[in-house]
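Throughout, numbering of the chain's residues begins at 1 and tracks the sequence. None of these values were measured; they are calculated from a predicted model.
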Amino acid sequence: MNTQQRRNKKQQLISLYESYCWWCGEYVPLNQLTIEHLLPKSLGGSNSFENLRPACLYCNRSRGNSLYPPGWIKGKCFLDKPDFY
């Protein structure tokens with residue numbers, strides 16, 4: 001993806017998702033917004049629009065080549081389970 005393609009895809013992502021990180025939901029100034037690959041390129045992901053999401057630098061880097069969200073821990077649910085569990 002060249003610079004112009006990257007700029008166009010970033011604008012499309014902002015139009016669809018606004019300037020919020022896909023993972024943490026925080027507002028990210030446009031000049032700090034990164035493009036995240038849902039399926040990492042190292043695992044065969046592409047630069048297709050469907051595979052891209054806006055992300056803050058922290059979430060993008062902390063996720064690395066994982067298929068899972070940043071901070072994900074195997075066997076640990078993100079949501080608090082009700083008391084009856």
Report task. Grab the two heavy atoms, one from A55 and one from N60, that are nearest each other, plus how far apart they are. Result -> CB-CB, 4.3 Å
Query raised in the report: Just checking, any donor-acceptor pair under 3.5 angstrom between side chains of Q4 and N8?
Result: yes
Query - Closest heavy-atom pair and its distance - P40, L67 - result: CD-CD2, 3.8 Å
**Report entry** By side-chain hydrogen bond (donor to acceptor under 3.5 Å, both in side chains) - contacts of Q5 (at least two apart)
**Finding:** none
Query raised in the report: K9 side chain to N47 main-chain N or O, any donor-acceptor pair under 3.5 Å?
Result: yes
Query raised in the report: Are L38 and I35 connected in a single hydrophobic cluster, I mean Ile/Leu/Val/Met/Phe/Trp/Tyr linked by side-chain heavy atoms less than 4.5 Å apart?
Result: yes
Query raised in the report: Are L57 and L33 connected in a single hydrophobic cluster, I mean Ile/Leu/Val/Met/Phe/Trp/Tyr linked by side-chain heavy atoms less than 4.5 Å apart?
Result: no
May I have the list of side-chain donor-acceptor pairs in residues 16-32 shorter than 3.5 Å, sequence neighbours left out?
| residue | atom | partner | partner atom | Å |
| --- | --- | --- | --- | --- |
| Y17 | OH | R53 | NE | 3.2 |
| S19 | OG | V28 | O | 2.2 |
| W23 | NE1 | E36 | OE2 | 2.9 |

Requested in this report: Mark yes or no for whether N51, through its side chain, and S46, through its backbone, hold a donor-acceptor pair below 3.5 Å.
Outcome: yes
Report summary line: Residue pairs meeting ring pair (Phe, Tyr, Trp, His ring centres under 6.0 Å), one or both in residues 34-62, sequence neighbours left out, come to none
Requested in this report: Side-chain contact test, heavy atoms from C-beta onward, threshold under 4.5 Å: evaluate it for I14 versus Q11 and give yes or no.
Outcome: yes
